[in-house]
There are 2 protein chains.
Amino acid sequence: MEPTRTAARTAGGRRDQILREAARLFAERGFHGVGVDEIGAAVGISGPGLYRHFAGKDAMLAELLVGISGRLHSAGRMRVAEADGAAAALDALVRGHIDFALDDRALIILHDRELDRLRDSDRKLVRQLQRQYVEQWVAVVREVHPGAAESEVRAAVHAVFGLLNSTPHLGPHGGLPGRSATAVLLHRLALGAFAALDSAHNREVTY
Amino acid sequence: MEPTRTAARTAGGRRDQILREAARLFAERGFHGVGVDEIGAAVGISGPGLYRHFAGKDAMLAELLVGISGRLHSAGRMRVAEADGAAAALDALVRGHIDFALDDRALIILHDRELDRLRDSDRKLVRQLQRQYVEQWVAVVREVHPGAAESEVRAAVHAVFGLLNSTPHLGPHGGLPGRSATAVLLHRLALGAFAALDSAHNREVTY
DNA sequence: CGACCACGTTAGCGGTCGTTAACACGGCTG
DNA sequence: CAGCCGTGTTAACGACCGCTAACGTGGTCG
């Protein structure tokens with residue numbers, strides 16, 4: 001209740017509120033398609049007032065992209081470390097990624113759509129975090145499906161990311177089942193795709 | 001060799017050339033991120049010269065998106081009609097979509113990224129073509145995997161689109177296997193994902 | 001109380017962008 | 001040859017956009 005804490009919390013909350021709205025607008029109409037006045041209007045202030053909280057429009061995007069890549073990466077690392085065995089680790093990775101895809105739809109969209117709009121240093125950082133995240137997956141998937149070549153596994157991981165990230169692109173319109181049902185379905189589809197890696201070199205063997 | 005034919009072919013070729021370069025640039029930097037001068041420079045003319053071929057920047061995007069949705073839809077219809085049985089039809093749909101994803105990468109990216117930048121009528125047309133294309137897939141997948149509910153199948157189809165469209169997002173940097181190997185891998189992953197639909201209601205039955 | 005500070009406001013600058021206007025020029029046609 | 005048409009040029013306009021400047025205001029603290 002101390003004024004400093006309250007002020008700090010208010011300021012931080014303000015920043016977060018701005019970031020949330022900016023993410024939504026960027027995802028809807030693209031980074032270049034959104035003006036600072038719109039972002040300001042979305043949080044009740046107007047235009048240049050945003051510059052009390054951020055250095056500029058680019059800085060908002062940078063913070064969003066670095067944030068989501070970092071959270072994906074660190075959450076993945078934690079889930080793998082806590083998992084009991086490779087299969088459980090893959091299960092946890094899939095589950096965690098689905099949570100991100102369903103809960104932070106806007107960020108997932110921005111994450112692979114507006115990366116080029118970043119300053120060089122930020123873009124390098126984001127790309128590095130993305131690469132490390134992919135490598136976490138590749139290591140786990142290779143352990144679960146040892147028969148596949150590494151390049152195949154890497155391509156498969158990217159493909160499964162595309163699969164899991166498909167729901168954000170469906171827009172907010174309904175049509176797909178509830179959240180938990182969607183999560184279960186995506187989980188099953190992802191593991192099914194990975195399972196297809198096993199029939200790579202020895203087709204028609206299990207029949 | 002007749003002058004009229006040559007002129008017509010040159011004109012049409014010019015339009016196609018502009019559309020190709022515009023698609024590439026739009027995919028790289030986003031619709032709003034590309035200026036008409038850049039598009040013109042990419043084809044050797046400069047800026048406003050484009051207006052001899054298109055009504056405006058929006059018209060180029062519209063023609064690109066309507067074109068790709070239409071080609072996907074009609075090619076899908078043809079492949080399904082020619083296929084012998086549901087499994088073969090699904091196989092042909094997957095194969096055809098992979099061809100588009102690998103050969104028209106820029107258009108695949110634009111196809112679900114810049115749809116909102118279209119005039120209402122064009123957007124409705126594209127969405128209708130997309131919907132019809134999805135329904136082709138849903139019908140075939142339901143035939144191959146009769147156990148799954150329709151909403152599940154529809155979500156799965158969208159997810160597999162995300163999977164198949166993942167390679168364009170990898171950018172032109174290498175790292176993934178050759179074209180035919182990638183095609184085979186994607187094909188396998190897609191069918192693997194759909195196969196997971198069967199273990200929906202009756203898990204652990206086939207063991 | 002008075003100074004400061006966090007947080008806004010409005011006005012305006014500089015640059016970019018899509019588009020139009022006016023003009024030029026080579027080739028086909030009557 | 002005269003004239004049109006397809007295709008391109010440059011100049012410029014109007015709108016928009018990101019950002020800065022200058023100013024206001026209410027709450028906190030010495």
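Within every chain, numbering begins at 1; the chains are lettered A, B, ... in the order of the sequence lines, protein sequences first and strands thereafter.
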Margin query: For DNA chain C, which residues of residues 55-67 of chain B approach it to below 4.0 angstrom with any heavy atom?
Written below: B:Gly56, B:Lys57

Margin query: Rounding to an integer number of Å, can you tell me how far B:Arg52 CZ sits from C:dC25 C1'?
Written below: 12 Å

Next item on the list: Look at the aromatic rings of B:Phe26 and B:Phe31 and report parallel, tilted or perpendicular, splitting at 30° and 60°.
Entry: perpendicular

Check: Between C:dT9 atom P and A:Asp37 atom CG, what is the distance in whole Å?
Finding: 11 Å

Checklist line | Note, A:Glu114 side chain near A:Leu64 side chain (heavy atom, < 4.5 Å) | finding: no

Next item on the list: Could you walk me through whether A:Asn165 and A:Phe100 pass the side-chain contact (heavy atoms from CB on, under 4.5 Å) test, one step at a time?
Entry: CA-CA 9 Å; A:Asn165 294 345; A:Phe100 274 106; over 6 Å; no

Item checked: Rounded distance in Å - CZ (A:Arg14) to P (C:dC7) -> 9 Å

Checklist line | Nearest-Å distance for atom pair NE2/P, residues B:His53 and D:dT9 | finding: 9 Å

Checklist line | Euclidean distance, atom CZ of residue A:Arg15 to atom P of C:dG8 [Å, nearest integer] | finding: 13 Å

Check: Taking atom P of D:dT20 as reference, at what distance in whole Å does atom OH of A:Tyr51 sit?
Finding: 7 Å

Margin query: In the structure I gave you, are the side-chain heavy atoms of B:Leu118 and B:Asp58 within less than 4.5 Å of one another anywhere?
Written below: no

Check: Taking side chain as C-beta onward, heavy atoms only, is B:Phe161 less than 4.5 Å from B:His111?
Finding: no

Check: Between A:Phe194 and A:Trp137, what is the ring plane arrangement, given parallel below 30°, perpendicular above 60°, and tilted in between?
Finding: tilted

Margin query: I'd like to check B:Leu197 versus A:Leu185 (side-chain heavy atoms, cut-off strictly below 4.5 Å). Are they in contact?
Written below: yes

Check: How close or far is atom P of C:dC7 from atom CD1 of A:Ile18, stated in whole angstroms?
Finding: 10 Å

Check: Once you build an axis from the first five pairs and another from the last five of the helix from C:dC1-D:dG30 to C:dG27-D:dC4, how far apart in angle are they, to 10 degrees?
Finding: 10°

Next item on the list: Mind checking A:Val34 for me? I need base, sugar-phosphate or nothing, with any heavy atom below 4.0 Å counting as a touch.
Entry: sugar-phosphate

Check: Does atom CZ of B:Arg179 have more than 12 heavy-atom neighbours from other groups under 6.0 Å away?
Finding: yes

Notebook entry, point to check: Which parts of nucleotides 10-15 of chain D does protein reach within less than 4.0 Å, heavy atoms only, written one letter per nucleotide 5' to 3' as B for base, S for sugar-phosphate only and - for none?
Noted result: BB----

Notebook entry, point to check: Are A:Leu90 and A:Leu191 close enough that some pair of their side-chain heavy atoms sits under 4.5 Å apart?
Noted result: yes

Next item on the list: Find out whether B:Arg154 and B:Glu135 are in side-chain contact, i.e. whether some heavy atom of one side chain is under 4.5 Å from a heavy atom of the other.
Entry: yes

Check: What integer distance in Å separates B:Phe26:CZ from C:dG18:P?
Finding: 9 Å

Check: side-chain contact (heavy atoms from CB on, under 4.5 Å) between A:Ile18 and A:Met60: does it pass, once the steps are laid out?
Finding: CA-CA 9 Å; A:Ile18 293 170; A:Met60 302 182 206; 4.2 Å; yes

